[in-house]
Protein chains: 2
Amino acid sequence: MIDTSSAETGTQLPLYKEVKRLLTMSLAEGEWQPGVALPSETRLGERFRVSIGTVRKAIDELVAERILVRHQGRGTYVASHNARRTLFHFFHIVPASGGKEPPQTELLSFERAKAGANDAARLNIAPGAPVFRIRNLLRLADRPVVLDEITLPVERFRGLSEKMFRERDSTIYQLYQERYSINVVRSAERLSATLADRPSAKLLQVAAGTPLLRINRTALTYHNVPVELRTSLVNTADHEYFSDLGKN
Amino acid sequence: MIDTSSAETGTQLPLYKEVKRLLTMSLAEGEWQPGVALPSETRLGERFRVSIGTVRKAIDELVAERILVRHQGRGTYVASHNARRTLFHFFHIVPASGGKEPPQTELLSFERAKAGANDAARLNIAPGAPVFRIRNLLRLADRPVVLDEITLPVERFRGLSEKMFRERDSTIYQLYQERYSINVVRSAERLSATLADRPSAKLLQVAAGTPLLRINRTALTYHNVPVELRTSLVNTADHEYFSDLGKN
DNA sequence: TAGTGGTCTAGACCACGTG
DNA sequence: ACGTGGTCTAGACCACTAC
């Protein structure tokens, strides 16, 4: 049995919450890599000295948070960033009529810069700390629709190169995962409306002054640690941002 | 024991899913009103002839969907539309800096109209069927920020009057709930960017041509039945739409 | 004190995937 | 045939609320 009492606070954590915490810590430390199976529930129960029901309750919550995936008969897996998952959970732009489709990405620029006060605060790094700034143009049905600007702390992404971005044959979050063992598990987004400036307008092939949707995203890994900022400008003439809170 | 086998399909539904379906049906039929406690888990187990664990699993899912609320030591309640819940789960506009606050609503107009093809399809009613169309101006910190246009099928809201809208001292969803026993449990929203036309600009006190965020919401009740359409125009100069999928 | 939901356990059986 | 997760049960004890 695990000790769930805290001498400092006197608080009593439920056992399954403690198990969940331990599982999340092991995940954050990379004990189990994305795409591979965890030990069986029976074994995890033995490891943590709890019943299988308690393990299941902990896993239930991690599955609800899309950190783990269960497959009956096979095992429980660390959620992996394949194209399908990224499209489904992290790409919210849909055609005004018709189904969702994966975007084609074109790398526009890759630079080093210093974090401004705002970005630094959101990334929880020091103001002026070095960051990578990557700009991408996303096409849907061969038409430019989204202009992305990604900000990454150099500290977490040492050695990241333009080549890696240009030559990747996977999604960006897959790149983070494979090269840096950084697993994006959640994102928070703030949306506003703005007008296209000249350079953006040209890239999106619209008139300057066209209304655009601006999305400010913070991507988070385990324990809600921010790892990436992304600002997207979206031409919503033929596409929309889909938000379905409550389901999914 | 409930029969969960289906002669037609041969499909085997888990018992707790069947219990969940029966609970949802009772909720939709108004057997338990919002704000009141359901029978205890023990009694529900007796009623459906299942163990308490199975009842709990069914309730777990309804709680996750925010249809029920558990209170330890008191009971399980039908989620009620108070100001707090509406603000938290159905109002996604937040100040660019600062915390969320409830909006002040001013009724602009209340009319009867016929549903266009689009609205009819979204509301699952016949094209040309009568609808109410209500327009509201929402203020935050005494500044106009949101312009709402609500479309309601007359069929579901017979006898709805301008007076009821003007003199309500509760939220709109509370009105639906109390007067028509219609409980909005979920919403799906599609966002795009647009430009303020003259009348909207005047009401929102911005220049014509200012970029605005447009939100197309479909509000759903039990079994995902659509009951309300709402188009919001938001001045995002000092406010943003907050979307946190994955949590909440 | 009684009743409620919250946690934890232990075990049986089923459905699914792999060999 | 075997191991995995999925379902269902039964019971014990705890924490909280109301009276």
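Computed over heavy atoms, backbone and side chain alike; hydrogens, waters and symmetry mates excluded. In what follows, chains are A, B, ... by sequence order, proteins preceding strands, each numbered from 1.
Among D/dC8, D/dA18, C/dC8, the nucleotide with an atom closest to any side-chain atom of A/P14 is C/dC8. Distances were taken from every side-chain heavy atom of B/T54 (C-beta onward) to each of D/dC8, C/dA15, D/dT4; the shortest belongs to D/dC8. Relative to the side chain of B/S51, the nucleotides C/dC16, C/dT7, D/dA10 differ in distance, and D/dA10 lies closest. Set against D/dC8, C/dG6, C/dT9, the side chain of B/E41 has C/dG6 as its closest nucleotide. When distances run from any side-chain atom of A/L15 to the nucleotides D/dA15, C/dC8, D/dG5, the shortest one goes to C/dC8. Out of D/dC8, C/dG6, D/dT7, the shortest distance to the side chain of A/R56 is found at D/dT7.
Following rounding to the nearest Å, B/K17 (NZ) and D/dC8 (C1') show an atom-to-atom distance of 15 Å. The distance from atom CG of A/L38 to atom C1' of D/dG3 is 16 Å, rounded to the nearest whole Å. Spacing between atom NE2 of B/H71 and atom C1' of C/dG3 amounts to 16 Å, rounded to whole angstrom units. In this entry the distance linking CD1 of A/I52 with P of D/dA10 reads 19 Å, nearest Å. Put simply, NZ on A/K20 is 16 Å from P on C/dG6, counting in whole angstrom units. For the pair B/R49 CZ and D/dT9 P, the interatomic distance rounds to 12 Å; values are reported in whole Å. Distance, A/L13 CG to C/dG6 P: 16 Å, rounded to whole Å. In this structure, CZ of B/R74 is placed 10 Å from C1' of D/dC16, rounded to the nearest angstrom.
Partner B/H81 forms a ring pair (Phe, Tyr, Trp, His ring centres under 6.0 Å) with one of B/F88, B/Y173, B/Y176 and no other, that one being B/Y173.
Salt bridge absent: B/E178 and B/R168 never bring a charged side-chain N and a carboxylate O closer than 4.0 Å.
Comparing B/Q72 and A/Y16 by the nucleotide of DNA chain C whose heavy atom lies nearest to each, the residue mapping closer to the 5' end is B/Q72.
Backbone-only engagement by A/T76 is indicated by non-hydrogen atom pairs under 4.0 Å involving sugar-phosphate atoms exclusively.
Using a 4.5 Å heavy-atom cutoff, the side chains of B/F90 and B/V184 are in contact.
B/P39 and B/L44 get closest at one heavy-atom pair: O-CD1, 3.6 Å.
Dashed line: the shortest gap from a side-chain N or O of B/T42 to OP1 or OP2 of C/dT4 is not under 4.0 Å. Side-chain N/O atoms of A/K57 include none lying less than 4.0 angstrom from OP1 or OP2 on C/dC8.
Applying the side-chain contact (heavy atoms from CB on, under 4.5 Å) rule to B/A28 yields the partners B/Y222, B/H223; only residues at least two apart in sequence or on another chain are considered.
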